[in-house]
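In what follows, a structure is listed as structure tokens, so that the remarks can point back to it.
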Amino acid sequence: MSGPGIAAVAAQVAVVTAGAPLLAGLMRQVRARLEGRAGAGIAQPWRDLRKLLRKEPITPVGTGPAFRAAPALLVATTAVTAALVPFLSTDTPVGRNADVILVVALLALGTVALALAGLDSGTAFGGMGASREMTIAALVEPTILLAVFALSIPARSTNLPAIVAGAVEQPARLASPAGLLATAALAVAVLAETGRLPVDNPATHLELTMVHEAMVLEYAGPDLALVELGAQMRLTVLLGLLTSVFAPWGIATGPSWAALAVALAVFVAKTALLGAALAAGEVFWAKLRLFRVPELLAGSFLLALLAVTASYFLSGE
Amino acid sequence: MSEGTYTQLLDLACGAFLLAAVVVLWQRKLTAIVRTFALQGVALAALPFLLGLHEARGELIAVAAGIGVLRTGVLPYLMRRALDSLVPAPVTGAGHRYVENVSEAWETQPLVNVAASLLTAALLTLLAYAVARPLVLLGPAPATRALPVGLAVMLIGFFVLSTRRRALAQVVGFLLLDNGITATAFLAASGVPLIVELGVSFDVVLAVLVLQILTTRMRTAFGTTDIDDLRELHD
Amino acid sequence: MTPLASQVWLAVPVAVPLAAAGVHTAFRRRALSAWTGLLSPCAVLAAGVVLARAVLSGGHPPTAFRGVLRADALSVWILLVVGAVAALAAAAAPAHLAGERAAGRADAATARRYQVLVHAFLGAMCAAVLAANLGVLWVAIEATTIVTAFLVGHRRTRASVEAAWKYVVICSAGIALAFLGIVLLYYAARAAQIPEAQALDWPVLVAHADRLDPAVTRLATALVVLGFGAKAGLVPLHAWLPDAHSQAPAPVSALMSGVLLSVSFTAVLRCKAVADLVLGPGYTRTLLTATALLTLALAVALLLAQRDYKRMLAYSSMEHMSLIALGAAVGTPLAMSAALLHIAGHGLAKTVAFCASGHVLQLRGTTRIGRVRGLLARAPGLGTAFGLSVLALLALPPSGLFASELALARAAFAARFGWAAAAVLLLVLTAFAALAVRTAAMLLGDVPRVGAGPAASGAGVALQLQPAEQRLGVPPVAAEGTPQGPYRPAGDRPGPARLAPGTPAVPVRLGMAAGLPLVLGLAACAALGVAAGPLTDLLSAAALPGRP
């Protein structure tokens with residue numbers, strides 16, 4: 001039980017919770033500037049959340065516990081994930097429990113909770129959104145599992161801190177075919193999981209195309225605030241996971257306060273950079289038609305599978 | 001070249017080789033498919049080149065050059081020529097360009113849809129690994145360990161051949177099959193003897209030429225290159 | 001045999017047909033007489049005879065060109081069959097081409113292209129038969145696919161383009177699998193420290209079989225059987241066969257069906273010789289038995305419902321190839337010699353059947369069985385030849401196929417293959433019935449308003465006329481020297497006869513040019529059934545392909 005370890009966990013949760021709306025704001029701002037608009041500023045999502053939190057809580061008639069519990073469950077699972085994934089340090093008290101499978105399961109739990117809430121609301125859009133979300137999730141979850149699993153083979157462990165620490169020591173692992181394939185697969189999966197282009201358009205309210213927005217259409221007030229926060233935190237966590245696994249430089253591997261401070265700065269910079277790059281890319285992409293989404297996801301699943309086979313067989317163990 | 005770099009580069013070439021086959025499955029536009037096939041040729045030519053450098057054998061580097069010319073130059077050229085003869089050139093009129101009939105340029109409706117094909121490709125890759133176990137066990141080395149990649153590309157080629165409906169897509173399937181076998185030959189035993197290699201390359205070029213001519217005739221006789229329209233002969 | 005002599009005689013079967021193809025390409029202006037096509041088959045036959053003497057005299061088998069070409073008893077046997085069938089097909093070609101030209105489907109350029117491609121085809125087949133290097137063998141067999149593609153698609157109609165496309169795609173892809181198998185064998189050989197230059201020579205592989213890795217050889221053998229099996233018309237990649245055989249010109253169909261299938265099967269036999277030493281005979285036996293039974297069942301099922309006589313003959317080829325495969329599966333010397341005899345008998349009988357069916361097609365303009373009624377009445381000579389060739393294919397004595405099938409059954413029961421033999425017997429009997437019924441439908445029956453024909457009432461008798469060769473051998477005088485084609489009604493209307501409605505038909509006579517190859521083929525097939533004669537030694541030597 002080291003001081004820096006506990007502090008790292010606390011800092012991870014705090015940075016993700018506080019930083020998630022800022023990241024979303026940053027991405028919207030980048031996009032606005034590239035499209036020639038002034039933009040609302042980086043802090044706008046926080047202002048939206050504050051506004052929503054002040055409103056009176058309302059739930060639609062006929063909804064049950066699934067609808068009411070979902071926002072809290074979403075934020076809670078994401079917060080636990082934020083604590084587990086080694087964003088800042090691989091040497092944390094919870095490190096031993098930070099298994100890949102657990103992380104993916106927690107993320108899936110949040111997805112399922114939200115989909116159930118969409119069904120529970122009883123409206124046509126809620127059900128449609130839930131069904132689409134599940135279609136995507138059915139392909140995305142195995143992809144994430146496989147991609148990270150491909151990286152776990154050289155580390156001989158599914159423990160995330162062990163994988164990241166191994167990658168910090170041997171950067172060559174990442175330049176192997178397995179590493180490159182897994183990166184590509186995970187990137188596509190993260191886009192799908194967080195409901196970004198080209199899988200889902202986060203800015204749309206057109207009923208024929210929306211996925212995530214359709215599920216949360218019935219939420220209002222503080223519940224909506226939690227759902228929005230949860231979604232932003234998921235984006236941050238998944239982008240953070242991507243950076244930690246494939247660009248692990250700067251992450252503290254020992255109990256040192258200085259390393260922790262450096263890691264904090266590097267993490268914020270890396271995630272902000274990735275988010276900005278993603279936002280810039282989205283300007284140039286169009287949303288895929290819904291029936292081509294499974295093709296994209298099947299492709300990323302295949303990449304992940306190839307990564308696993310490549311890392312298992314080419315390494316010659 | 002150190003052992004480590006050699007292994008890494010070889011693995012990278014094999015990865016690119018397999019990836020190109022997968023991308024062929026994902027593409028629908030025939031020109032893009034042909035381009036991907038040409039890129040795969042680069043990865044294929046890299047294999048004998050790397051082996052030649054590693055084993056210090058000059059003739060393998062010459063073979064690599066020949067393979068490169070054949071697979072990235074001649075064969076894609078032949079297919080592009082067939083494609084040009086099928087798809088009328090864009091009509092450039094008063095400020096607008098359009099292609100009269102684009103249906104020949106697209107793999108519109110493969111027998112197995114793209115998502116399912118990609119998942120099948122995943123299964124085929126696993127099958128290739130399973131089948132290749134005795135091969136890898138016979139002579140463990142970085143090259144033989146990559147043998148399943150050649151087999152997987154071969155299986156994917158067979159799959160493309162049997163599920164795609166455009167005549168040219170089938171030709172690409174056949175060539176993928178052939179690429180896979182050539183890669184297997186290089187990875188397993190640094191290539192077959194030169195006389196056989198020459199004969200095989202010659203046969204492949206001729207086969208593609210024949211298929212190209214038949215594609216044109218098919219277009220004349222049937223008005224399309226959709227294989228599903230070939231229903232004259234049956235029992 | 002001196003090294004120089006073996007170089008020359010091994011080169012002749014490959015070089016002469018290729019040179020002939022070259023000459024035909026060069027003579028653009030004036031088409032050579034179609035009879036010159038007989039030269040290269042005769043050269044092949046001559047080389048076969050010389051090589052057979054050399055092989056049977058003992059000593060080292062003749063090799064040439066640093067071991068690339070090599071003759072042993074098996075390859076010489078197949079070479080002789082190729083030569084004989086090619087000679088028959090070449091002899092039938094002038095009549096066929098004349099008929100096509102008379103019908104306006106061919107001109108001088110078509111005839112020249114036909115000669116070029118057929119000679120290249122023959123050269124490639126001979127190269128495949130004589131190659132000692134499995135890679136060269138593969139290249140030669142793939143070359144036959146490419147060369148024959150245009151022969152299959154020569155008519156440019158929808159059906160023939162479709163047939164050519166299926167033929168090239170399925171055969172090339174199938175045979176690519178065989179190449180993978182060869183690559184794997186090469187890998188196993190290299191891992192067994194066999195030097196690179198010899199690692200694909202099957203005699204070397206046979207000699208060093210104990211050092212090959214069994215697991216890799218198992219995989220390689222399966223691929224080779226699958227791949228070359230595709231070209232030999234065995235399941236599962238057989239779908240091209242009925243299409244290609246029904247669309248090719250009749251003499252080419254005869255070559256493809258009569259010998260190309262067997263040449264591809266020889267490649268399977270070469271690999272089997274290696275695999276049996278590495279894995280024991282059980283593995284290839286299971287593989288080949290399963291393939292043969294499936295092919296046979298499929299061919300019989302499709303024969304039962306067949307309405308097209310060229311396709312019927314194609315499926316009959318599949319039936320016979322499966323019998324040959326079964327003989328190879330049993331593998332005892334008796335079964336092997338039965339299979340080899342079957343190859344020869346089937347090649348001859350099928351050549352006659354296809355050439356006759358080509359004349360029927362030219363005469364009646366259709367390949368539907370139902371529309372070719374009363375053939376014996378319309379064209380007694382042609383009908384008899386076709387009927388006799390089908391009877392030979394049905395393995396009625398004195399056809400060579402009778403002897404081979406009898407020997408095959410004996411070998412199968414002796415080798416405890418009783419259950420397979422019983423199943424095969426049942427299927428072959430079904431095929432027998434199907435073929436007999438369809439052929440009878442073609443041969444017998446009335447042609448409307450042809451009451452005057454001599455055979456209309458006596459058709460059933462004509463089938464049983466045993467010395468039919470003599471009947472046919474009488475040269476029909478009227479047909480001599482007709483420029484338009486081989487057919488000429490005994491009346492004085494020239495050109496291929498189509499019945500105008502209402503006109504009484506006059507029996508069509510088969511010309512000398514068209515009839516002679518058919519008669520010769522039937523005679524050879526019958527002779528083979530009566531006594532193998534001087535070929536007996538060669539046959540028994542060839543039945544041991546495992547001997548390096």
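Worth saying up front: this structure is predicted, and the values here are computed from it rather than measured. Here is how names work: the chains are called A, B, and so on, in the same order as the sequence lines, proteins then strands, and each is numbered from 1.
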Check your understanding: Heavy atoms under 4.5 Å from chain C: which residues of residues 195-210 of chain B carry them?
Key ->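 Interface residues of residues 195-210 of chain B: B:Ile195, B:Val196, B:Gly199, B:Val200, B:Asp203, B:Leu206, B:Ala207, B:Val210.
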Point to revise | Residue-level contacts of residues 141-151 of chain C with chain B, using a heavy-atom cutoff under 4.5 Å | key: C:Glu142, C:Ala143, C:Ile146, C:Ala149, C:Phe150
Point to revise | Residues of residues 169-178 of chain C contacting chain B, heavy-atom criterion under 4.5 Å, by residue number | key: C:Val169, C:Ser172, C:Ala173, C:Ala176, C:Leu177
What part of [X] gets within 4.5 angstrom of chain B, counting heavy atoms only: side chain, backbone, both, or neither?
{"X": "C:Leu134", "value": "neither"}
{"X": "C:Arg158", "value": "both"}
{"X": "C:Asp308", "value": "neither"}
{"X": "C:Ala159", "value": "both"}
{"X": "C:Leu200", "value": "side chain"}

To the nearest 0.5 Å, how far apart are [atom1] in [X] and [atom2] in [Y]?
{"X": "C:Leu184", "Y": "B:Ile181", "atom1": "CG", "atom2": "CD1", "answer": "9.5 Å"}
{"X": "C:Arg156", "Y": "B:Leu214", "atom1": "CZ", "atom2": "CG", "answer": "10.0 Å"}
{"X": "C:Glu196", "Y": "B:Ser190", "atom1": "CD", "atom2": "OG", "answer": "8.0 Å"}

Practice item. Please examine the side chains of B:Leu151 and C:Leu180, heavy atoms only from C-beta on, and report whether any two atoms are closer than 4.5 Å. Key: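 Heavy-atom side-chain distance check passes, below 4.5 Å.
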Check your understanding: Do B:Phe174 and C:Val168 come close enough that some side-chain heavy atom pair is under 4.5 Å?
Key -> no
Side chain from CB out, backbone as N, CA, C, O: work out which of these in [X] comes under 4.5 Å of a heavy atom of chain C, or both, or neither.
{"X": "B:Ile227", "answer": "side chain"}
{"X": "B:Ala132", "answer": "neither"}
{"X": "B:Ile213", "answer": "side chain"}
{"X": "B:Leu161", "answer": "side chain"}
{"X": "B:Leu177", "answer": "side chain"}
{"X": "B:Ser162", "answer": "neither"}

In terms of heavy-atom pairs under 4.5 Å, which option from [options] contacts chain C the most?
{"options": "B:Ala185, B:Pro134, B:Ala167, B:Gly157", "value": "B:Ala167"}
{"options": "B:Met218, B:Arg217, B:Gln170", "value": "B:Arg217"}
{"options": "B:Gly191, B:Gly150, B:Ala188", "value": "B:Ala188"}
{"options": "B:Val192, B:Asp178, B:Val131", "value": "B:Val192"}

**Study point:** Verdict with reasoning, B:Phe222 to C:Glu162, per side chain to side chain contact (heavy atoms under 4.5 Å, CB included)
**Key:** CA-CA 9 Å; B:Phe222 289 85; C:Glu162 176 181 343; 4.3 Å; yes
Practice item. May I ask you to check whether over 12 heavy atoms, not counting those of B:Phe49, lie within 6.0 Å of atom CZ? Key: no
Check your understanding: Which atoms form the tightest heavy-atom contact between B:Thr144 and C:Tyr187, and what is the distance?
Key -> CG2-OH, 3.3 Å
**Study point:** Test item: C:Tyr186 side-chain N/O and B:Ala189 main-chain N/O as donor-acceptor pair under 3.5 Å
**Key:**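 No; judged by distance alone, with no hydrogens or angles, the pair does not exist.
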Review point. Can you name the salt bridge (charged side-chain N to carboxylate O under 4.0 Å, His left out) partners of C:Arg218, sequence neighbours left out?
Key: none
